[in-house]
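Scroll down for the structure; my scribbles are underneath it.
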Amino acid sequence: KNSLAFSRIGKLWYDAKNYKLALENWEKAKESDPSNPLPYRDLADAYTYVGKYDLAKKNIEEYLKLSDQSDDNIEKYMDILFLAKSYKEAISKAEEMLSKGKVKTRYYGVLAFSQYEVKDSVNALKNAQTYFAKQDPKKIYPADYRMYGKILLQNGKNAEAEGYFNKAVEIDTASNKSEAYRENAEALRLAKEWLLASKWYNKIVAEYPANAKVLDYFWGANT
């Protein structure tokens, strides 16, 4: 009936990839001692790993109620908020960390990409510029370049945006880039950059016809 023991057993089962027994033991840990923060932390990590971000958010919030508000815990919470699309809350936590003098490059990424989602275009662009200036180029991924392109579109810098969409495709290591093309096309279409969007839709049709969808043909012809 020891909560700490159940927590540790759950972690062992999780590491052994027996997720059913891991969850069972973490539930027992919570039942044995509701004030034990460990099962909530481990559940937050587990749900983050499998992409169940709403459940991760729920558990990290319970964990924070029962544990110390350390910078590491706040940072983990910020990351989960961003993944759970709780963008305003993620912005608040990133700003909280920066206000403490805890400056990490990726905080600017969280700020920029979250501010884009809440349509704070001016601050999104400012923080995206800081993120790209400070970040190690080896740690900048195709999705980052594409998001920067979207932020530029949001600020009316459409000509600059196209360069970042091209870069997103250029560094994409996938053997089949049809989805990368489609993501570019969708972003440009939503920004009403019809001709540029059409180019990417038609690249799907020309280079990856087996992966082309009906809407790729439609938008390729109609934009």
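Any value given below was found using the heavy atoms of this structure, including those in side chains, with hydrogens, waters and symmetry copies removed. Keep in mind it's a predicted model, so treat the numbers as computed, not measured.
- Counting all heavy atoms, side chain and backbone alike, S7 lies closest to P39 at OG-CD, 3.4 Å.
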TODO: Determine, step by step, whether Y77 and N73 satisfy the side-chain contact (heavy atoms from CB on, under 4.5 Å) criterion, reporting the C-alpha distance in whole Å, the side-chain angles of both residues, the deciding distance to 0.1 Å, and the verdict.
DONE: CA-CA 6 Å; Y77 185 33; N73 288 339; over 6 Å; no
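- Checked against the 6.0 Å centroid criterion, the rings of Y53 and Y47 do not qualify as a close aromatic pair.
- Here the straight-line distance linking atom CD of E89 with atom CD1 of I80 works out to 12.0 Å at 0.5 Å rounding.
- Between atom OH of residue Y87 and atom CD of residue Q115 there is a gap of 13.0 Å, rounded to the nearest 0.5 Å.
- No continuous path of ILVMFWY side-chain contacts below 4.5 Å connects F82 to L55, so the two sit in separate hydrophobic clusters.
- Residues Y108 and V103 are in side-chain contact: their nearest non-hydrogen atoms beyond the backbone lie under 4.5 Å apart.
- The heavy-atom pair separating W194 from R189 by the smallest distance is CZ3-O, 3.7 Å.
- With values rounded to the nearest 0.5 angstrom, M78 atom CE is found 8.5 Å from S114 atom OG.
- For R106, the CZ atom counts as densely surrounded, since its 6.0 Å shell holds more than 12 non-hydrogen atoms of other residues, nucleotides or ligands.
- The heavy-atom pair separating S67 from P37 by the smallest distance is CB-CB, 4.2 Å.
- Salt bridge absent: D172 and K177 never bring a charged side-chain N and a carboxylate O closer than 4.0 Å.
- Looking at Q69, its side chain does come within 3.5 Å of a backbone N or O of L64 through a donor-acceptor pair.
- The minimum heavy-atom distance between A22 and G10, with the atom names listed, is CB-O, 3.4 Å.
- Between K20 and E24 there is a salt bridge, since at least one side-chain N of the basic residue sits less than 4.0 Å from a carboxylate O of the acidic one.
- In this structure the side chain of L38 reaches within 4.5 angstrom of the side chain of L4, judged on heavy atoms.
- Between K58 and D54 there is no salt bridge, since no side-chain nitrogen of the basic residue lies less than 4.0 Å from a carboxylate oxygen of the acidic one.
- Considering NZ of K28 and CG of L23, their distance stands at 12.0 Å, rounded to 0.5 Å.
- Note on L111 and V118: same hydrophobic cluster, where clusters join Ile, Leu, Val, Met, Phe, Trp and Tyr whose side-chain heavy atoms are under 4.5 Å apart, directly or indirectly.
- The neighbour count for K100 NZ, taken as heavy atoms of other residues, nucleotides or ligands under 6.0 Å away, is above 12.
- In the hydrophobic clustering of ILVMFWY residues, with side-chain heavy atoms under 4.5 Å counting as a link, I204 and V214 come out apart.
- Residues forming a side-chain contact (heavy atoms from CB on, under 4.5 Å) with N211 (at least two apart in sequence, or on another chain): N176, S178, Y208.
- Distance OH/Y201 to CH2/W219: 7.0 Å, rounded to 0.5 Å.
- Using a distance-only test at 3.5 Å, with no hydrogens or angles considered, a donor-acceptor pair links the side chain of S3 to the main chain of A29.
- With 3.5 Å as the limit, one finds a donor-acceptor pair spanning the side chains of S35 and D33.
- Counting heavy atoms from C-beta on, the side chains of E117 and K85 never come closer than 4.5 Å.
- In this structure, W200 and Y181 have tilted ring planes: the angle between them lies in the 30° to 60° band.
- Using a 4.0 Å cut-off between charged nitrogen and carboxylate oxygen, K57 and E61 count as a salt-bridge pair.
- Follow the hydrophobic side-chain contacts under 4.5 Å out from Y116 and you never reach L153; the two are in separate clusters.
- A salt bridge links R146 and E183; the closest N-O separation between the charged side-chain nitrogens and carboxylate oxygens is under 4.0 Å.
- Considering only heavy atoms from C-beta on, I151 comes within 4.5 Å of F113 through its side chain.
- Ring orientation note: the planes of Y145 and F132 are nearly perpendicular, at an angle over 60° on the 30°/60° scale.
- Under the 3.5 Å distance criterion, the side-chain polar atoms of S198 are left unmatched by any main-chain donor or acceptor of L195.
- For the pair E162/K199, a side-chain contact is recorded, criterion being any heavy-atom separation below 4.5 Å from C-beta on.
- For the pair K102 and E75, the salt-bridge criterion is not met [side-chain N within less than 4.0 Å of a carboxylate O].
- A salt bridge links K30 and E27; the closest N-O separation between the charged side-chain nitrogens and carboxylate oxygens is under 4.0 Å.
- Proximity of L196 to F165: side-chain heavy atoms (C-beta onward) are nowhere separated by under 4.5 Å.
- Here the closest heavy-atom approach between residue K11 and residue W26 is recorded as N-NE1, 3.6 Å.
- For the pair D45 and K76, the salt-bridge criterion is met [side-chain N within less than 4.0 Å of a carboxylate O].
- Here the closest non-hydrogen pair linking L66 and N36 is CD1-O, 4.1 Å.
- Side-chain heavy atoms closer than 4.5 Å link hydrophobic residues (I, L, V, M, F, W, Y) into clusters, and following such links, even through other members, never connects I60 to I91.
- Checking side-chain atoms of S92 against main-chain N and O of K88 turns up no donor-acceptor pair under 3.5 Å.
- Interatomic distance, NZ of K93 versus OG of S86, reported as 12.0 Å (0.5 Å rounding).
- With sequence neighbours excluded, the residues satisfying ring pair (Phe, Tyr, Trp, His ring centres under 6.0 Å) with Y19 are Y14.
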